[in-house]
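To keep things clear, I will list the structure first and then write my remarks on it.
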Amino acid sequence: MESILIVRAPRPTIRRVPIAPPLLRWFRRVARDLPWRRTRDPYAVWVSEVMLQQTQITTVLPYYDRWMKRFPDVRALARARLDRVLKAWEGLGYYARARHLHRAARLLERGRFPTTKEAWETLPGIGPYTAAAIASIANGERVPVRDGNVHRVVARLLRIEAPISSSAAQREINAFLEREIPARVPGDFNQALMELGQRVCLPRSPRCGECPVTTLCRGRIAGVQEDLPRRVPRKTVPHYEVGVGICWKGDRVLVARRPERGLLGGLWEFPGGKRRPSETYARTVTREFREEVGMEIEVGPRLVTVPHRYSHFSVELHAYHCRWRKGSARALANDGVRWVRPRDLARLAFPTANRKIIEALLRPRSLPSPDKTQRRQSATR
DNA sequence: TATTCGTGGGC
DNA sequence: TGCCCAAGAAT
């Protein structure tokens, strides 16, 4: 039969793969026990979709609930200080999302929410995926979403062998979705496709027996579903060793706020930096305090070592108790410095690795009176 | 087009 | 246990 098509059409014609009806039936069944309730309120959809960028639903849920209590509408968000916004985002990662959300809320405060994908995409922090998701769910616009789930599901359904990033694969996926997305419930179709990817069409060991469109799946029919989409080899990530100082002055410790652009932008941290080759951690911390806050310190005993992994490198944070010697703390390499009582650190937003240092700091046993102990012990690697 | 942006969970 | 992956966007 296929040969007839090829004879009649010189260019290979894409066969229809009518997935919408079985997919939507399946979605309505599983939607009953979704762990979350989707509204069509633009603000709620917007917030949740931004939180869901590169982040799984189970991670997002508690953040989303807390967020909607603290910032119930766009006006509340627009009027909040960035520090409070980052505190609400603390631990969720990719902090530019929070800064963009905040900035977009201020742009929107007096206006109306966008009503089309094109208009949503002009807001900071909203790209092709998020704009399409909001427009289809909140505004009922017939636009398909393309995220990691959709790419995987469609690559298997159509047996796309080219890497997803290739323009050929992109075109094929686009054409397929444009054709199959129903006009009546585009948002349900999009969510169904993503939900299928999340719970059935898994990256490894897909559960084809539970799949509502398994009989339409060319990858499955050919038995190559496990190998699709084609993976691209990952680069190995660098590793850094970092020295960090918990610098005491009386009953307070010094924290610095990171510049708003870049990694962990706008969050607070204990000053420190990468250890240079053949440098002791004591020297690293001493040098970094000089460079970052213009202060002379004395390094004491190690508090804790925290391994941590970011998206594109890994670190080991070696945290040392220190004592202030001379010089007032200045914000030389950051946006601000502050002396804080340990119990008040909870008010500020810290990256997760620094949270682990704080945790160690607040454990009763870990709080030696630094004035007595630190002279005797010296910091080594 | 390629890199830089976090973190948690699964196996 | 070290990888892999995740409802991507900005630059």
Side-chain angles (χ1 to χ4, degrees), chain A residues 27 34-36 38 45-64 86 89-101 103-104 120-138 143-154 163-167 170 177 187-199 201-207 226 229-239 258-267 269 306-315 349-356:
Chain A
F27 182 63
L34 283 177
W36 43 285
R38 171 71 81 187
V45 175
W46 172 31
V47 170
S48 61
E49 286 299 339
V50 171
M51 287 186 171
L52 284 165
Q53 291 167 4
Q54 294 285 281
T55 311
Q56 301 204 358
I57 287 173
T58 51
T59 304
V60 163
L61 276 176
Y63 283 90
Y64 175 77
L86 287 172
W89 202 273
E90 180 186 44
L92 198 50
Y94 288 133
Y95 298 93
R97 295 183 294 174
R99 301 195 302 271
H100 289 144
L101 205 47
R103 188 150 59 88
W120 278 108
E121 206 166 346
T122 64
L123 288 176
I126 299 186
Y129 162 77
T130 308
I134 303 172
S136 66
I137 294 167
V143 282
V145 302
R146 294 193 334 259
D147 73 331
N149 286 314
V150 174
H151 286 155
R152 184 173 61 257
V153 169
V154 177
I164 293 299
S165 56
S166 70
S167 55
Q170 292 289 333
L177 294 172
D188 282 1
F189 176 81
N190 286 334
Q191 291 180 78
L193 223 40
M194 295 189 283
E195 198 65 29
L196 187 70
Q198 199 217 346
R199 61 168 79 190
C201 197
L202 306 176
R204 278 167 298 192
S205 308
R207 300 172 179 169
E226 297 254 12
R230 298 285 176 208
R231 308 194 193 340
V232 290
R234 303 226 164 186
K235 290 189 308 182
T236 57
V237 300
H239 176 80
R258 295 178 62 94
E260 282 185 19
R261 292 183 173 277
L263 183 73
L264 307 170
L267 274 68
E269 67 177 4
V306 175
H308 195 72
R309 169 175 52 85
Y310 292 91
S311 50
H312 49 303
F313 63 94
S314 62
V315 295
F350 284 85
T352 294
N354 268 256
R355 276 271 154 237
K356 291 175 187 168

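So that the names make sense, note that chain A is the first sequence line, chain B the second, and so on, each numbered from 1.
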Over how many whole Å does the gap from [X] atom [atom1] to [N] atom [atom2] extend?
{"X": "His100(A)", "N": "dA10(C)", "atom1": "NE2", "atom2": "C1'", "result": "7 Å"}
{"X": "Glu49(A)", "N": "dG8(C)", "atom1": "CD", "atom2": "C1'", "result": "11 Å"}
{"X": "His239(A)", "N": "dG2(C)", "atom1": "NE2", "atom2": "C1'", "result": "14 Å"}
{"X": "Trp46(A)", "N": "dG8(C)", "atom1": "CH2", "atom2": "C1'", "result": "17 Å"}
{"X": "Ile164(A)", "N": "dG8(C)", "atom1": "CD1", "atom2": "P", "result": "13 Å"}
{"X": "Leu61(A)", "N": "dA6(C)", "atom1": "CG", "atom2": "C1'", "result": "15 Å"}
{"X": "Arg234(A)", "N": "dG2(C)", "atom1": "CZ", "atom2": "C1'", "result": "13 Å"}

(request) List the steps, then state whether side chain to side chain contact (heavy atoms under 4.5 Å, CB included) holds for Leu264(A) with Tyr94(A). (result) CA-CA 7 Å; Leu264(A) 307 170; Tyr94(A) 288 133; over 6 Å; no
On a whole-Å scale, what distance lies between the [atom1] atoms belonging to [N] and [M]?
{"N": "dG8(B)", "M": "dA10(C)", "atom1": "P", "answer": "24 Å"}
{"N": "dC5(B)", "M": "dA6(C)", "atom1": "C1'", "answer": "15 Å"}
{"N": "dA9(C)", "M": "dT1(B)", "atom1": "C1'", "answer": "15 Å"}
{"N": "dG6(B)", "M": "dC4(C)", "atom1": "C1'", "answer": "15 Å"}

(message) Side chain of Arg261(A) only, heavy atoms from C-beta on: which candidate in dG8(C), dT11(C), dA10(C) is closest?
(response)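 When the side chain of Arg261(A) is considered, dT11(C) is the closest of dG8(C), dT11(C), dA10(C).
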(request) Among dA7(C), dC5(C), dG8(C), find the nucleotide with the atom closest to the side chain of Met194(A). (result)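 Taking heavy atoms from C-beta onward, the closest nucleotide is dA7(C).
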(message) So if I define the base as every atom that isn't primed, P, OP1 or OP2, how would nucleotides 5-11 of chain B read as a B/S/- string at a heavy-atom cutoff under 4.0 Å?
(response) BBBBBB-
(request) Measure from the side-chain N and O atoms of Arg152(A) to the backbone N and O of Gly197(A), and report whether any donor-acceptor pair falls under 3.5 Å. (result) yes
(request) Check the pair Val47(A) / Tyr64(A) against side chain to side chain contact (heavy atoms under 4.5 Å, CB included), numbers first and verdict last. (result) CA-CA 8 Å; Val47(A) 170; Tyr64(A) 175 77; 4.1 Å; yes
(request) Tell me, please, which residues at least two apart from Thr352(A) pass side chain to side chain donor-acceptor pair (under 3.5 Å). (result)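 Counting only residues at least two positions away or on another chain, Thr352(A) forms no side chain to side chain donor-acceptor pair (under 3.5 Å).
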(message) Run the salt bridge (Lys or Arg N to Asp or Glu O under 4.0 Å) test on Glu269(A) and Arg258(A) for me, step by step, so that the C-alpha distance in whole Å, both residues' side-chain angles and the decisive distance to 0.1 Å come before the verdict.
(response) CA-CA 7 Å; Glu269(A) 67 177 4; Arg258(A) 295 178 62 94; 3.0 Å; yes
(message) Under 4.0 Å, counting only non-hydrogen atoms across every strand here, what does Arg99(A) touch: a base, just sugar-phosphate, or nothing?
(response)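 The residue Arg99(A) makes no contact with any strand.
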(message) Counting the atoms with a prime plus P, OP1 and OP2 as sugar-phosphate, which does Ser165(A) contact under 4.0 Å by heavy atoms, base, sugar-phosphate, or nothing?
(response) nothing
(request) May I ask you to check whether Tyr310(A) and His312(A) place their ring centres under 6.0 Å from each other? (result)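 No, they do not, as the ring centres are separated by 6.0 Å or more.
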(request) Decide whether Thr130(A) and Arg97(A) meet the rule of one side-chain donor and one side-chain acceptor closer than 3.5 Å. (result) no
(request) Could you say whether Leu123(A) or Ser48(A) is positioned toward the 5' end of DNA chain C, judged by the nucleotide with the nearest heavy atom to each? (result)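 With Leu123(A) and Ser48(A) compared, the 5'-side residue is Ser48(A).
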